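Please read the structure below before turning to the comments.
Only heavy atoms go into these numbers, but all of them, side chains included; no hydrogens, no water, no symmetry mates. For clarity, every value in this text was computed on a predicted model and none was experimentally measured.
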Amino acid sequence: SFAGGVLVSYIFYKKACKEKKPVYTITSNKMIVNAVSEFGSLKILYDNQEVPNVTATDVVFWNDGKETIQFDDIASADPIRIAVTEPNEILTARLLNLSSPANKFWIEQKNKTSAEVHFEYLDKGQGGFFQILHTGIRPDDLQLLGSIKGAGTPRLIIDKKKIITLFVVAQILIVFLLGWFLAGDMR
């Protein structure tokens, strides 16, 4: 049939498409939150400066597309970078692992609010894993920003396990509340 032919053609077209697909994940672990205000005489210092909070955020950035992302593909006016919202600060940024030394993947802290991500190229599945220590405590206090020619802004990949867990918990809660509501009507 015509519809079947169109569907098969579309599937083969999508498989053959080469595209740059920069993606990333972010996982934050709050290490110290408001400890100074809760324990009056406690002081948390980083590089001899007092800090109110310390959060370790792991960021994994990679190319999920079939087309190689080259260094020249990064917009010079909008480089790939990690940024924290004001008044938060980046304490340190470090590379923990990379998929291939040939990529020359690195992270460079530019100032107290930004660290740039650099690489020579990223083939499919290649990227880096880095950690940012910062003073933010909210999930949106740290963002990956920047533009890649032909791909746009890197896309956040949300952990599917967390979504499934939330969905299951919501389903259980709905069943519980429905049972409780119905049990109340039967009395």
Side-chain angles (χ1 to χ4, degrees), residues 20-38 42-65 67-163:
K20 300 169 193 168
K21 193 173 178 186
V23 295
Y24 67 100
T25 62
I26 291 183
T27 306
S28 291
N29 296 304
K30 297 174 195 161
M31 298 165 62
I32 299 168
V33 179
N34 296 326
V36 175
S37 64
E38 290 180 23
L42 178 67
K43 287 187 180 183
I44 307 300
L45 301 177
Y46 183 86
D47 201 19
N48 291 324
Q49 296 290 327
E50 192 169 334
V51 292
N53 311 302
V54 178
T55 299
T57 298
D58 295 335
V59 180
V60 181
F61 175 79
W62 74 99
N63 179 13
D64 201 32
E67 187 172 341
T68 300
I69 299 173
Q70 302 285 345
F71 171 77
D72 293 341
D73 292 333
I74 299 171
S76 60
D78 192 18
I80 303 300
R81 65 199 179 281
I82 297 291
V84 291
T85 57
E86 295 288 337
N88 301 304
E89 294 181 2
I90 292 176
L91 304 173
T92 188
R94 65 187 181 135
L95 182 66
L96 296 178
N97 204 349
L98 64 152
S99 57
S100 171
N103 299 134
K104 297 183 180 175
F105 197 101
W106 66 351
I107 185 162
E108 175 186 19
Q109 187 168 345
K110 293 303 233 179
N111 52 48
K112 290 185 177 200
T113 61
S114 179
E116 285 187 11
V117 175
H118 301 276
F119 52 86
E120 192 171 303
Y121 70 94
L122 295 177
D123 286 332
K124 180 171 178 58
Q126 293 183 332
F129 170 39
F130 43 95
Q131 184 175 67
I132 311 295
L133 285 182
H134 59 95
T135 61
I137 57 173
R138 295 189 345 243
D140 59 349
D141 282 341
L142 188 131
Q143 303 171 334
L144 191 135
L145 305 169
S147 296
I148 295 177
K149 300 170 196 166
T153 302
R155 187 171 52 93
L156 175 64
I157 302 291
I158 297 172
D159 187 356
K160 292 178 184 174
K161 290 179 186 176
K162 287 182 184 176
I163 293 172

Quick check against the 3.5 Å criterion: does [X] have a side-chain atom that pairs as donor or acceptor with the backbone of [Y]?
X    : Y    : answer
Q109 : N111 : yes
K149 : D72  : yes
T113 : E89  : no
Q126 : D123 : yes

With sequence neighbours left out, what residues match R138 under salt bridge (charged side-chain N to carboxylate O under 4.0 Å, His left out)?
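Scan of R138 (salt bridge (charged side-chain N to carboxylate O under 4.0 Å, His left out), adjacent residues dropped) gives D140, D141.
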
Under the side chain to side chain donor-acceptor pair (under 3.5 Å) test, residues paired with Q131 that sit two or more places apart
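Partners of Q131 under the side chain to side chain donor-acceptor pair (under 3.5 Å) test: D58, R94.
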
Show your working on side chain to side chain contact (heavy atoms under 4.5 Å, CB included) between Y121 and I69 and close with a plain yes or no.
CA-CA 5 Å; Y121 70 94; I69 299 173; over 6 Å; no

Pair listing, salt bridge (Lys or Arg N to Asp or Glu O under 4.0 Å) test, anchored in residues 97-109, at least two apart
K104-E120, E108-K110

Can you name the nearest heavy-atom pair linking [X] to [Y], along with the distance?
X    : Y    : result
I90  : S114 : CD1-N, 3.6 Å
G146 : P154 : O-CD, 3.5 Å
P79  : A77  : CD-C, 3.7 Å
P22  : N63  : N-OD1, 4.4 Å
L95  : F129 : CD1-O, 3.5 Å

For the residue pair N88 / T85, report whether a side-chain donor-acceptor contact shorter than 3.5 Å exists.
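Yes.
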
Does the side chain to side chain contact (heavy atoms under 4.5 Å, CB included) test come out yes or no for L122 and F61, once each step is laid out?
CA-CA 10 Å; L122 295 177; F61 175 79; 3.7 Å; yes

Got [X] and [Y] here, is their nearest side-chain heavy-atom distance under 4.5 Å?
X    : Y    : value
T55  : I137 : yes
F130 : N97  : no
I148 : I80  : yes

Please report the C-alpha distance between I26 and L142 in whole Å, then the side-chain angles of each, then the deciding distance to 0.1 Å, and finally whether the side chain to side chain contact (heavy atoms under 4.5 Å, CB included) criterion is met.
CA-CA 9 Å; I26 291 183; L142 188 131; 4.0 Å; yes

